[in-house]
S.K.: 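If you scroll down you'll find the structure; I have some questions about it.
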Amino acid sequence: MTVSGPDFIALQVRDVEAAAAFYEQHLGLRRAPASPPHAVVFTTEPVPFAVREPLPGVDLDAVERPGLGVALWFRTTDAQALHDRLHAAGVPIVKAPEDGPFGRMFTFVGPEGYVITAHGG
């Protein structure tokens, strides 16, 4: 038996459509042709990314910030341009752009408080 690594990433959110719209409008992600009920899957590569309703027993209102302790990074062709677009749209930026080991990078707050780093370009 071997494990090859992450194969699917989903963020649990209160409002699936609002979260999906954010990722479409601000990051340019495209919806997959089919998604399971109560979720939106995007055609990201190499690992599919989705937003979905909370699983049973998950109370997002009981945590200060969802995803605390998890580092979620999105690759982009131009991190500075993405930063500028998100900043202009009023998306909270928690770490300004800087050059790092994986290229230009910055960190922003996505829907429902998830903190996401974008890098590349």
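Each residue takes its place number in the sequence, starting with 1.
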S.K.: Using every non-hydrogen atom in the two residues, find where F49 and T44 come nearest and quote the distance to one decimal.
M.R.: N-OG1, 2.9 Å

S.K.: So which pairs with a foot in residues 51-64 pass salt bridge (charged side-chain N to carboxylate O under 4.0 Å, His left out), sequence neighbours left out?
M.R.: R14-D61

S.K.: Is the backbone N or O of V41 less than 3.5 Å from a side-chain atom of S35, with the two atoms forming a donor-acceptor pair by type?
M.R.: yes

S.K.: Between V91 and F22, is any pair of side-chain heavy atoms under 4.5 Å apart?
M.R.: yes

S.K.: Does any pair with a residue in residues 19-29 pass salt bridge (charged side-chain N to carboxylate O under 4.0 Å, His left out), and if so which ones, sequence neighbours excluded?
M.R.: E24-R31

S.K.: Mind checking ring pair (Phe, Tyr, Trp, His ring centres under 6.0 Å) for H87 and listing every partner two or more places apart, or none if nothing turns up?
M.R.: H83

S.K.: Just wondering, do L27 and I116 contact through their side chains at under 4.5 Å, heavy atoms?
M.R.: no

S.K.: What I'd like to find out is whether the side chain of Y23 reaches to under 4.5 Å of the side chain of V40, using heavy atoms alone.
M.R.: no

S.K.: Name all pairs fulfilling the ring-ring contact (aromatic ring centres under 6.0 Å, His included) condition that reach into residues 50-69, sequence neighbours left out, sorted by first residue then second.
M.R.: none

S.K.: Is F8 reachable from V51 through a run of I, L, V, M, F, W or Y residues, each pair having side-chain heavy atoms under 4.5 Å apart?
M.R.: no

S.K.: Answer yes or no: is there a donor N or O on one side and an acceptor on the other, between the side chain of E112 and the main chain of D15, under 3.5 Å?
M.R.: yes

S.K.: Under 3.5 Å, is there a donor-acceptor pair between the side chain of Q12 and the main chain of L55?
M.R.: yes

S.K.: Tell me whether the rings of F102 and W73 are parallel (<30°), tilted (30 to 60°) or perpendicular (>60°).
M.R.: perpendicular

S.K.: Ignoring hydrogens, what is the shortest heavy-atom contact between F42 and A50? Give both atom names and the distance.
M.R.: CD1-CA, 4.4 Å

S.K.: Can you name the nearest heavy-atom pair linking A118 to A79, along with the distance?
M.R.: O-CB, 4.2 Å

S.K.: Would Y114 and V13 count as a side-chain contact (heavy atoms from CB on, under 4.5 Å) if you check the C-alpha gap in whole Å, the side-chain angles of each, and the deciding distance to 0.1 Å?
M.R.: CA-CA 9 Å; Y114 285 99; V13 296; 4.1 Å; yes

S.K.: Determine which pairs satisfy salt bridge (charged side-chain N to carboxylate O under 4.0 Å, His left out) with at least one residue from residues 80-108, sequence neighbours left out, and list them in order.
M.R.: K95-E98, D99-R104

S.K.: Could you report the tightest heavy-atom contact between P54 and L60, atom names first, then the distance?
M.R.: CG-CD1, 3.8 Å

S.K.: For a 4.5 angstrom cut-off between non-hydrogen side-chain atoms, does L29 reach F74?
M.R.: yes

S.K.: Are I9 and L72 packed together at the side-chain level, in the sense that at least one heavy-atom pair is separated by less than 4.5 angstrom?
M.R.: yes

S.K.: Under the salt bridge (charged side-chain N to carboxylate O under 4.0 Å, His left out) rule, what pairs show up with a residue in residues 71-81, not counting sequence neighbours?
M.R.: none

